[in-house]
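Reviewing the structure listed below.
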Amino acid sequence: MEQYNIIDLFAGVGGLSYGFSKLPQFNILAANEIEKDISIAYKLNHPDVEMLNCDINSLTEEVLTESLKGKKVDIVVGGPPCQSYSTLGKRQMDERANLFMQYKRILKILQPRAFVFENVVGILSMDKGQLFKQIQREFEELGYSLKHQVLNAVDYGVPQQRERVILVGFKGINRYRYPQPTHGEGLKPYVTLKEAIGDLPVLKSGQAKDYYEAPANNEFLEFVRAAGATSVAEHAAPKNGAHLIRIMEALKDGQSKDDLPEDIRPKSGYGNTYAKLWWDKPSTTITRNFACPSSSRCIHPRDSRAMSIREGARLQSFPDDYKFYGSDGMKRLEIGNAVPPLLSVAIAKQMIEALKEQDTTE
């Protein structure tokens, strides 16, 4: 069986690497991540991958040749940090918004057959759509034929609404076909919060428990739970003050601050702050602030508390044995910025098909 070599840029904790690492046709040679703690987390989960913990500017041709031990890279994957493109943040054409030029520089050095460039949907409207057009022009300049599509993780079994732009480039004819949804209308039902985290024990603010409350009784839980595992890590509820606890307990399923009694209603914040998730629906998009009720809709609908790190990881579809590293805030950053593993599996499977088709027709 032919193996295709990969390098993952802006790798984070390895969500995009996950899908490629699970298919025997792929061999991840190296990954680049600038943040020390996040690079350690990546290495804990992908011990055989050469981790290049440095600014991407430092990846010269010499450094890459040495790190890759002269092996040819077939596919580059990764997406530059998305804060500049996010519609949630202050969108700005800053240095980070131009990190795609570093991605291009690496492509020019390595000349892979294909690449997968992942980012938030906000990149499509940045600078009135001119930024994404520029990105496409830069990649086409290197001889790549491009396709892009917005994929929603919820359509692939992830218990979360999370849209991402997936731009795929191929040298020669681009035969990549985007994965067909497996969940949604007429397909398998979307995975709900209850199905994704309902097996974890009830917690109150400040509590921690390390066991499963119920057996794995659905396809999603069978994916995230290791066979025979009896304990679970990182299931601890952040400790909140009495006033915030009162707010969280006053909310019903799916309600937000505007539904609160006036005497405890926060005076500031957007409509989706101090808001409960729905127990029988997928989660809204989670961010690094998934344990901060004043930042986004993230209050546990059953327990009326902030979400645990394990629950955040579940909503991204990380298996329970996937490791995170650093402070609790750092672990939430690692989870909130990641590509959901189940989405990466769907993307990687289609890459195999496109490569096979290209090999037999060209």
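Counting from 1, the numbers follow the sequence of the chain as shown.
Heavy atoms of other residues, nucleotides or ligands lying less than 6.0 angstrom from NZ of Lys108 number 12 at most. The 12-atom threshold is not exceeded at CD of Glu66, counting heavy atoms of other residues, nucleotides or ligands nearer than 6.0 Å. Heavy-atom contacts from other residues, nucleotides or ligands closer than 6.0 Å to CD of Glu219 number 12 or fewer.
Smallest separation of non-hydrogen atoms from His148 and Gln136: ND1-NE2, 3.5 Å.
Considering only residues two or more places apart in sequence or on other chains, Lys104 meets the salt bridge (Lys or Arg N to Asp or Glu O under 4.0 Å) condition with Glu138, Glu141. Shown here are the salt bridge (Lys or Arg N to Asp or Glu O under 4.0 Å) partners of Arg246, two or more places apart in sequence or in another chain: Asp263. Residues satisfying the salt bridge (Lys or Arg N to Asp or Glu O under 4.0 Å) test with Lys147, not counting sequence neighbours, are none. Contacts of Tyr322 classified as side-chain hydrogen bond (donor to acceptor under 3.5 Å, both in side chains), with partners at least two apart in sequence or in another chain: His46.
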Report, one line per pair, each donor and acceptor closer than 3.5 Å where one atom sits in a side chain of residues 196-208; sequence neighbours left out.
unit_1 : atom_1 : unit_2 : atom_2 : d
Asp199 : OD1    : Arg314 : NH1    : 2.7
Asp199 : OD2    : Arg225 : NH1    : 2.8
Asp199 : OD2    : Arg314 : NH2    : 3.1
Ser205 : OG     : Pro238 : O      : 3.3
Ser205 : OG     : Asn240 : N      : 2.8
Gln207 : OE1    : Lys204 : N      : 2.8

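With hydrogens and angles left out, the side-chain atoms of Tyr212 and Asp320 include a donor and acceptor closer than 3.5 Å. Using modelled atom types and a 3.5 Å distance limit, the side chains of Gln25 and Lys356 yield no donor-acceptor pair. There is no side-chain donor-acceptor pair under 3.5 Å between Thr65 and Glu62. Side chains of Asp8 and Ser17: a donor-acceptor N/O pair is present below 3.5 angstrom, by distance only. There is a side-chain donor-acceptor pair under 3.5 Å between Gln102 and Arg105. Of the N and O atoms on the side chains of Tyr144 and Asn174, not one donor lies less than 3.5 Å from an acceptor on the other residue.
Cluster partners of Ile40 are Leu44, Tyr325, counting Ile, Leu, Val, Met, Phe, Trp and Tyr whose side-chain heavy atoms approach within less than 4.5 Å, directly or via other members.
Between Tyr103 and Phe117, the distance from one ring center to the other falls under 6.0 angstrom. Aromatic rings of Phe20 and Tyr4 (six-membered ring for Trp) have centroids beyond the 6.0 Å cut-off, not under it. Between Tyr18 and Phe318, the ring centre distance reaches or exceeds 6.0 Å.
Remark: the backbone N or O of Gly254 is paired with a side-chain donor or acceptor of Arg297 at under 3.5 angstrom.
Under a 4.0 Å N-O distance rule, the pair Lys43/Asp48 does not qualify as a salt bridge. Taking the charged nitrogens against the carboxylate oxygens, Glu353 and Arg177 have no contact shorter than 4.0 Å, which rules out a salt bridge.
When the options Gln160, Met307, His300 are evaluated for a side chain to side chain contact (heavy atoms under 4.5 Å, CB included) with Leu277, the one that passes is Met307. Each of Arg302, Lys194, Arg305 was checked for a salt bridge (charged side-chain N to carboxylate O under 4.0 Å, His left out) with Glu311, and the lone residue meeting it is Arg305. Exactly one of Lys331, Lys209, Arg310 qualifies for a salt bridge (charged side-chain N to carboxylate O under 4.0 Å, His left out) with Glu234. That residue is Lys331.
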